[in-house]
Amino acid sequence: MAAGFVPGASGGGFVPGAEPAAPPAPEDLALVVAGRKLLAGPDGRFPRVAELPADTAWVPLGTLDGRPAWGAELPDGWQGPVDAGDEPPGRWRGWRELAAGLPAPLADLAGRALAVLTFRRTHRWCGACRAELADVPGESSRRCPDCGLYVPIRLSAAVLVAVTRPGPPGGTDELLLVRHAQGPTDLWALVAGFVEAGESLEAAARREVGEEVGLALGRLAYFGSQPWAISGPGTLLAGFTATAADPAAEPVVDGRELVRARWFPLDALPPELPPAYSISRWLIDHLASAAA
C-alpha cells in the first residue's frame, strides 16, 4: 500500500467542497464508504485514488491541506487492492473508532464522506413524482428533471448543554453530567437532543434540559458547533453553557433517554468522559480550565 497522507504538513485544514478543480488524480485522497463504515489504513490514514479500481464513481468532498479528497461507495464486486501483489488499502472502520484517534480535520472529512454518500444513496428518486434525481453541478444537492423538485443535503441540528451551579463555600462550581440509556452508556455526558421544526437552538436547549432532567435554566450562552457523524450522517451539534435557575434543584432523569444524572465538582470530574474529539469534551474541558 502507498504511504498514507499525513495532514497538517502544509496547513489549511479541511475545506468542504462540491466543485472539483480537476478530475481525480492518482495521489488524491480516497474515502470509500460501505454503509456506516469507511476504508482506512493504520493510524486512520485513507488510501489514494490510485489504489481503487479505475472505474470508481468518485464524488468530490473538498480538500485537506490543499489536496483534493474524493468519496465513493464500495465498488460492485471489489474485494481488495487493484493489483494482486499489493496489500489491501486498509480495513473497514466505523466513524466512532476513527474519530477517537484522528485529528479534527481528518475526522471532519470522514464525517462529510459519510454524510454525502449516505445522502446520494438515500435520495436517488424524486419524492414528488418518482423520477430519478440528477446532481446539481457544484452543490451537494439534487434536482428532479421532471418536476423541478430541489433536494439539498439534509442537516439535522442538535444541541448539547453544559449546565453548572455554584459549589459549596470554598469549592468549585459543579457540572451536571448524565448517563444515557442507549449508545455509549459507560460515559458521563452532557444533556443533548435534536432541535424540533420551528424551534430555535436556545429554545431546544432549554426544552431538552427540562424534559430530560427536570431543571430550568438561567443564563444560556452559545459555545460553538461541530459536525457529528455518530448521531447520524449530517448531524450538526451546537453547544451551550448554562447555569441552573435554582442552584438547589436536583436533577430528575426522564427514565427513557437517561438513566442517571449527577452534579460533579469541576475539579473532581469522573474519568469516563466523552472522547477528546468531541464538542462535549471541549465544553467540559473549557469549564474545568476556567474553574482551575
Side-chain angles (χ1 to χ4, degrees), residues 96 99-101 103-104 107 156-196 199-232 235-292:
R96 183 192 300 274
S156 299
V159 295
L160 67 163
V161 192
V163 185
T164 59
R165 72 175 183 181
T172 63
D173 287 354
E174 295 177 333
L175 173 67
L176 180 68
L177 295 175
V178 301
R179 275 188 162 159
H180 290 89
Q182 299 179 356
T185 57
D186 58 332
L187 295 181
W188 286 101
L190 301 177
V191 174
F194 283 97
V195 180
E196 296 287 346
E199 187 175 46
S200 70
L201 296 174
E202 292 79 5
R206 294 182 182 277
R207 174 183 56 77
E208 286 290 344
V209 173
E211 289 178 354
E212 295 193 359
V213 292
L215 297 179
L217 296 180
R219 176 194 58 81
L220 182 71
Y222 177 73
F223 175 81
S225 63
Q226 181 186 32
W228 192 245
I230 284 180
S231 301
T235 298
L236 180 66
L237 292 179
F240 291 86
T241 59
T243 56
D246 180 1
E250 295 297 331
V252 179
V253 297
D254 60 5
R256 299 185 306 276
E257 297 187 39
L258 302 181
V259 294
R260 293 188 67 187
R262 276 186 55 189
W263 294 105
F264 288 90
L266 281 167
D267 60 356
L269 296 173
E272 305 88 1
L273 293 175
Y277 174 73
S278 68
I279 192 173
S280 294
R281 185 60 173 270
W282 301 341
L283 272 163
I284 293 170
D285 290 348
H286 167 75
L287 292 170
S289 297

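Since this is a predicted model, take the numbers as computed values, not measurements.
For P274 against L187, the heavy-atom pair with the smallest separation is CA-CD1, 4.1 Å. Nearest heavy atom pair, residue L176 against residue L190, reads O-CD2, 4.0 Å. When all heavy atoms of L177 and L269 are compared, the closest pair comes out as CD1-CD2, 4.4 Å. In terms of heavy atoms, E211 sits closest to D254 at O-CB, 3.6 Å. When all heavy atoms of V161 and A242 are compared, the closest pair comes out as CG1-CB, 3.8 Å. T172 approaches A291 most closely through the heavy-atom pair CG2-O, 4.1 Å.
For the side chain to side chain donor-acceptor pair (under 3.5 Å) condition, the pairs that include at least one residue of residues 278-288, sequence neighbours left out, are R281-D285.
For F264, the ring-ring contact (aromatic ring centres under 6.0 Å, His included) test picks out W188, with sequence neighbours left out.
Using a 4.0 Å cut-off between charged side-chain N and carboxylate O, R262 and E174 make no salt bridge.
Defined by atom type and a distance below 3.5 Å, a donor-acceptor pair is missing between the side-chain atoms of D173 and T164.
Counting only heavy atoms from C-beta outward, the side chains of H180 and L258 approach each other to under 4.5 Å. Contact check for V178 versus V253: no side-chain heavy atoms found under the 4.5 Å cut-off. Side chains of V195 and L201 form a contact here, defined as non-hydrogen atoms less than 4.5 Å apart. At least one side-chain heavy atom of L160 sits less than 4.5 Å from a side-chain heavy atom of L283.
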List the atom pairs, with distances to 0.1 Å, where a side-chain N or O of residues 213-221 and a protein N or O form a donor-acceptor pair under 3.5 Å, not counting sequence neighbours.
residue, atom, partner, partner atom, Å
R219, NH1, T241, OG1, 3.4

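Once rounded to the nearest 0.5 Å, the distance linking CD of E250 with CH2 of W263 reads 7.5 Å. A distance of 9.0 Å separates CD in Q226 from CG in L236, rounded to the nearest 0.5 Å. Here CD1 of I279 is found 6.5 Å from CG of L237. Values are rounded to the nearest 0.5 Å.
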Exercise. Going through the checks in order, is the ring-ring contact (aromatic ring centres under 6.0 Å, His included) test met by F240 and F223?
Worked result: CA-CA 5 Å; F240 291 86; F223 175 81; 9.7 Å; no

